[in-house]
Protein chains: 2
Amino acid sequence: MESPFSRLNARTACFLFALVTIGEGGRLLVIPQDGSHWLSMRAIVEKLSERGHKIVVVAPEVNFFHKASQHYTVVTHAVPYTPDEFAHRFRLFTHQPFEEVPFLSRLVGLYKATRQLQEMFFMTCESLLRNREIMRSLEESRFDALFTDPVSPCGVILAEHLSVPSVYYYRGFPRLENTFTKCPDPVSYVPACFSRNTDRMTFIQRLVNLLFSFLEMPLLKISYSSYQEIASEFLQREVRLPTLYRNGSVWLLRYDFVLEYPRPVMPNMVFVGGISCEEGKHLSQEFEAIVNASGEHGIVVFSLGSMVSEIPMKKAMEIAAALGTIPQTVLWRYTGEVPSNLANNTRLVKWLPQNDLLAHPKARAFITHAGSHGIYEGICNAVPMVLMPLFGDQMDNAVRMESRGAGVTLNVLEMTSKDLSDALKAVIYDKTYKENIKRLSELHLDRPIHPLDLAVHWVEFVMKHKGAPHLRPAAHDLNWVQYHSIDVIAFLLAVVLIVLYISLECCLFCFRKCGWKKGRLNKKSKSKSQ
Amino acid sequence: MESPFSRLNARTACFLFALVTIGEGGRLLVIPQDGSHWLSMRAIVEKLSERGHKIVVVAPEVNFFHKASQHYTVVTHAVPYTPDEFAHRFRLFTHQPFEEVPFLSRLVGLYKATRQLQEMFFMTCESLLRNREIMRSLEESRFDALFTDPVSPCGVILAEHLSVPSVYYYRGFPRLENTFTKCPDPVSYVPACFSRNTDRMTFIQRLVNLLFSFLEMPLLKISYSSYQEIASEFLQREVRLPTLYRNGSVWLLRYDFVLEYPRPVMPNMVFVGGISCEEGKHLSQEFEAIVNASGEHGIVVFSLGSMVSEIPMKKAMEIAAALGTIPQTVLWRYTGEVPSNLANNTRLVKWLPQNDLLAHPKARAFITHAGSHGIYEGICNAVPMVLMPLFGDQMDNAVRMESRGAGVTLNVLEMTSKDLSDALKAVIYDKTYKENIKRLSELHLDRPIHPLDLAVHWVEFVMKHKGAPHLRPAAHDLNWVQYHSIDVIAFLLAVVLIVLYISLECCLFCFRKCGWKKGRLNKKSKSKSQ
């Protein structure tokens with residue numbers, strides 16, 4: 001039998017031949033998202049591979065983290081942009097939060113930076129779906145399931161095309177998961193994305209929340225309108241994207257309710273927040289030496305995430321000045337030009353073992369961009385945080401941590417050196433921050449099964465049982481009017497009105513009859529008296 | 001130190017002395033419900049005891065299943081009814097489904113039978129709360145948590161009095177858990193209790209469902225109104241029962257979505273359906289002999305639950321006649337007078353190892369009253385069912401099994417011998433029933449953790465962390481108007497109306513101005529022309 005991927009490249013073909021012919025374990029197709037999204041998803045894929053499943057990861061040839069692996073086959077497809085353009089578009093996006101421009105210009109800048117990134121993601125998807133060679137190979141491979149990050153609908157569309165059940169791995173972004181799972185979402189206590197609200201709102205905050213929630217659907221529609229078109233073209237029939245999303249068997253959501261506010265959920269949502277946390281491993285000699293040298297003051301870990309390792313010099317100098325005001329040793333992941341005012345206590349590193357450093361007993365604080373992975377590592381290891389949200393869900397994460405008294409949020413653009421210095425001193429020396437993060441950490445870690453094992457279980461479940469149809473709510477088969485019982489209520493109202501009308505008419509009829517008789521009697525008596 | 005329970009009895013005091021002084025593990029107070037409700041709850045309590053926790057079970061002195069145990073201390077309290085009255089009230093209730101009377105009389109009979117049972121439960125609760133000696137002892141015992149079946153609010157009230165966090169263990173009954181957890185419950189696809197609807201309804205069924213749902217709250221209020229009064233009296237302040245219920249940290253619900261229809265849930269709901277299923281153990285010699293003698297035809301297991309072991313003779317004879325028409329050996333749990341027409345293939349037994357018999361490869365069918373424990377044992381062991389629901393949630397369970405093609409439901413009152421015989425032959429010989437139950441069983445058993453371990457985990461979680469405040473939705477702090485954002489919507493509407501009104505007034509003003517000018521100009525031109 002010819003390997004379905006034999007036309008691709010030798011290494012790939014070798015892996016896929018194994019996939020097709022050995023037949024041990026299951027066959028999983030992975031359509032991931034690049035960037036930090038992939039990092040924790042990769043851990044699940046690797047564990048699934050260790051459990052004997054044959055896995056194909058399809059990624060664009062220009063990417064950040066999709067390198068060859070012993071655990072899975074990476075099949076890359078051509079894309080219509082160069083590595084330089086790719087880097088440039090990401091840089092535009094990640095540098096946008098540092099632009100010192102008026103508010104409206106910032107909003108426009110943010111919109112443009114987001115759109116140009118979305119356009120690139122769309123090009124990636126389009127080029128995959130139009131790649132006949134890869135499509136033919138995927139069709140021939142008869143996968144048991146498709147595992148995707150649904151922030152891009154590409155995997156969702158592909159699952160429909162290949163008729164395979166799918167598992168979504170997702171952080172949650174403008175309520176996409178609630179819209180597509182038909183999960184109720186009371187706007188009175190579920191904060192809208194980007195609203196900076198918590199779950200406890202004043203009247204004005206609830207008003208703002210409602211207005212923000214009105215924006216979420218249009219935002220979703222703008223973001224996904226082009227995918228709707230290509231989906232219809234690719235599947236050769238008119239399709240609606242929400243319908244395709246609803247075919248997702250299980251949503252693995254990177255939530256834990258120590259961070260997220262409790263709210264209604266659906267049975268096919270599985271919560272795997274903290275999936276990337278693990279027990280701290282021994283530090284390398286280099287880092288161990290730095291940490292040990294920090295003495296009783298300990299260390300501060302500082303990273304703005306996998307996507308932001310350099311920032312404008314002015315901001316870097318402000319930050320460097322602040323870091324110099326604390327006695328702790330600061331380990332700062334930073335690849336830009338060294339700020340001239342860098343203090344002796346600050347060590348710039350190109351990469352740092354974030355979880356292992358946070359797990360060290362000497363970790364006193366964590367300066368983070370409030371990405372969900374970093375936040376959960378901070379929670380796991382009970383390290384209070386100074387939060388500098390940059391984009392995406394980061395502001396929402398920061399609001400959550402701050403509302404739980406486990407961190408201080410700073411506006412990276414507006415903050416001064418003193419703000420950062422004060423925030424650091426607060427989280428390090430004010431015991432309530434440590435106590436609060438410790439309590440959150442204890443709650444978070446006291447779970448019946450590790451999120452990674454839970455995620456692996458549910459992917460295997462979907463592979464084994466060809467989906468999870470028993471978890472699909474009947475709501476998906478109802479239209480808006482039916483779902484809200486508007487037809488039934490209208491019918492009941494109509495019945496009530498008709499009954500009222502008939503009763504009224506009967507009463508009037510009786511009244512007239514009586515009145516007529518009375519009138520007639522009066523007339524008679526009058527005529528008699530006359 | 002004097003043992004808090006030293007005034008009770010020697011054995012109890014001995015246990016409680018240990019509880020107070022040893023201090024190993026946690027201290028758990030259990031306020032259970034009697035009957036089948038207790039049987040699976042007991043398994044959790046026993047496992048918790050094995051894990052080193054000291055447990056006190058408080059039960060009425062007149063009861064079915066609350067016997068002394070090596071695992072926990074049973075503290076009994078006096079009740080104002082005799083064992084005879086207790087048995088009589090239960091018999092009235094359990095025999096009610098067999099009364100051959102007109103429909104309306106049946107409804108009245110059902111209402112009366114339920115009320116007299118509820119009255120007895122209330123007396124039990126009242127006598128416990130008024131028992132000063134036990135109350136004082138419980139207050140002194142400083143429990144870490146209270147574990148209760150919230151079908152009776154007694155434990156809920158007591159948890160408030162003792163200021164301990166509580167865990168509820170519950171089957172779910174008139175949507176009590178959704179009302180009290182503020183879990184959305186769309187009536188368009190979530191079938192109302194007793195409505196006999198599935199999650200896929202026609203327009204008429206949705207109409208009926210809505211009308212049934214209107215009845216649920218009044219039913220709940222009628223059932224619990226007397227508890228509301230005693231709670232206020234006992235706690236010496238005005239309290240609302242829903243507020244007390246909302247203090248429950250975790251709801252352990254005996255649901256699994258292979259049986260229940262998927263619908264919105266809340267993060268503090270933990271699903272432990274199938275908790276009582278375990279691998280089939282070796283049968284005793286007596287049962288092994290019967291099963292082996294059944295030959296290739298195998299066996300049928302027949303039980304109407306722990307509460308119904310005898311039925312009226314007329315019905316027993318109809319059933320016996322039907323059982324005689326199949327070649328399988330029938331094991332029937334039955335303690336009444338032997339029907340004269342009992343066939344050779346039917347063995348009456350006072351007790352049967354239900355799960356072990358169902359787990360035997362020779363089990364061909366399960367005749368059950370559709371109690372949730374029995375249903376899950378049938379699902380665990382993949383045995384198709386003939387369902388004869390009698391009362392409570394049993395009709396709902398039966399509808400669910402039948403809608404999944406894994407059983408045939410019979411009306412125990414109206415069914416003939418032929419109906420039962422046909423139903424048995426259908427589930428035994430029509431392969432689809434076996435295939436469907438096998439599929440459900442595979443889905444049900446493929447879980448990351450056994451429901452019993454999950455239940456134990458969450459009880460321990462609440463004991464250890466003094467509750468689970470991170471799972472409490474902010475919805476509990478909103479009133480009805482706020483929760484539904486009615487104030488916010490009204491405000492927005494008012495703003496829109498005011499803006500519209502002002503705009504209209506401005507337009508009219510401009511129009512009048514222009515009209516006036518025009519009119520004046522016209523007048524002027526007219527006067528000029530004159």
Side-chain angles (χ1 to χ4, degrees), chain A residues 182-190 198-201 203 206-207 209-211 256-258 260-268 271 404 439-440 442-444 446-449 453-454 456-458 460-461 464-465 468-475 477-478 482-485 487-489 491-492, chain B residues 182-190 198-201 203 206-207 209-211 256-258 260-268 271 404 439-440 442-444 446-449 453-454 456-458 460-461 464-465 468-475 477-478 482-485 487-489 491-492:
Chain A
K182 286 216 173 171
C183 180
D185 216 1
V187 78
S188 52
Y189 75 99
V190 180
T198 72
D199 57 345
R200 280 167 172 84
M201 299 176 238
F203 177 82
R206 284 195 292 118
L207 179 69
N209 209 50
L210 185 70
L211 296 175
D256 186 295
F257 292 100
V258 297
E260 285 301 315
Y261 301 122
R263 65 187 209 191
V265 297
M266 295 302 279
N268 66 340
F271 302 102
R404 281 161 165 78
R439 188 176 43 81
L440 290 182
E442 283 164 3
L443 294 171
H444 176 62
D446 193 354
R447 52 202 171 197
I449 177 169
D453 295 322
L454 195 61
V456 166
H457 168 83
W458 281 105
E460 287 187 334
F461 186 100
K464 204 186 300 174
H465 303 289
H470 66 303
L471 299 181
R472 182 185 165 89
D477 303 323
L478 299 175
Q482 291 168 330
Y483 178 86
H484 293 284
S485 298
D487 51 350
V488 171
I489 292 166
F491 176 79
L492 277 178
Chain B
K182 286 216 175 171
C183 179
D185 216 0
V187 79
S188 52
Y189 75 98
V190 180
T198 71
D199 58 345
R200 281 168 172 82
M201 298 176 240
F203 177 82
R206 285 195 291 120
L207 178 69
N209 208 50
L210 185 70
L211 295 175
D256 187 295
F257 292 100
V258 297
E260 286 301 316
Y261 303 121
R263 65 187 209 191
V265 297
M266 294 303 279
N268 67 341
F271 302 100
R404 281 161 164 78
R439 188 174 44 80
L440 290 183
E442 284 165 2
L443 294 172
H444 176 62
D446 194 356
R447 54 203 170 198
I449 178 168
D453 295 322
L454 194 61
V456 166
H457 168 84
W458 280 104
E460 287 186 334
F461 186 100
K464 204 186 300 171
H465 303 288
H470 66 304
L471 299 181
R472 182 185 166 90
D477 304 324
L478 299 175
Q482 290 168 329
Y483 178 86
H484 293 284
S485 298
D487 50 350
V488 172
I489 292 166
F491 175 79
L492 277 178

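A note on names: the letters A, B, ... follow the listed sequences, proteins ahead of strands, and every chain is numbered from 1.
The residue among Cys183(A), Ala468(A), Pro448(A) with the most heavy atom pairs within less than 4.5 Å of chain B is Pro448(A). Between chain B and the residues Lys464(A), Arg206(A), Met266(A), the most heavy-atom pairs under 4.5 angstrom are made by Arg206(A). Contact count versus chain B (heavy atoms, under 4.5 Å) is highest, among Pro469(A), Pro184(A), Pro267(A), for Pro267(A). In terms of heavy-atom pairs under 4.5 angstrom with chain A, the leader among Glu260(B), Glu460(B), Arg472(B), Met201(B) is Arg472(B). Options Phe491(A), Trp458(A), Tyr483(A) differ in how many heavy-atom pairs under 4.5 Å they form with chain B, and the most are formed by Tyr483(A).
Scanning both residues, Val265(A) and Phe257(A), for their nearest heavy atoms gives CG1-CZ, 4.0 Å. Considering all non-hydrogen atoms of both residues, Pro473(B) and Tyr189(A) come closest at CB-CE1, 3.9 Å.
At a 4.5 Å heavy-atom cutoff, Tyr261(A) makes no contact with chain B through either its backbone or its side chain. Within the 4.5 angstrom heavy-atom criterion, atoms from both the backbone and the side chain of Pro264(B) approach chain A. Contacts between Leu207(A) and chain B at a heavy-atom distance below 4.5 Å involve backbone atoms as well as side-chain atoms. Residue contact with chain B, scored on non-hydrogen atoms closer than 4.5 Å, involves the side chain of Leu492(A) exclusively. Only the side chain of Ile449(A) comes within contact range of chain B, with heavy atoms under 4.5 Å apart. Contact of Leu440(B) with chain A is not made at all, since no heavy-atom distance falls under 4.5 Å. For Asp446(B), the parts sitting under 4.5 Å from any heavy atom of chain A are the backbone and the side chain alike. With a 4.5 Å cut-off on non-hydrogen atoms, Asp477(A) touches chain B through its side chain but not through its backbone.
Two residues are said to be in side-chain contact when any heavy atoms from C-beta on lie closer than 4.5 Å; Asn209(A) and Val190(A) fail this criterion.
The CG atom of Leu443(A) lies 8.5 Å from the CG atom of Asp256(A); values are rounded to the nearest 0.5 Å. One distance of note links OG of Ser485(B) with CZ of Phe203(A); it measures 9.5 Å at 0.5 Å rounding. Atom NE2 of His444(A) sits about 14.0 Å away from atom CZ of Arg439(A), to the nearest 0.5 Å.
In this structure, the side chain of Arg404(A) engages the main chain of Val258(A) through a donor-acceptor pair within 3.5 Å. In terms of modelled atom types and a separation under 3.5 Å, the side chain of Lys182(B) and the main chain of Leu478(B) share a donor-acceptor contact.
The distance between the ring centers of His470(A) and Phe461(A) falls below 6.0 angstrom.
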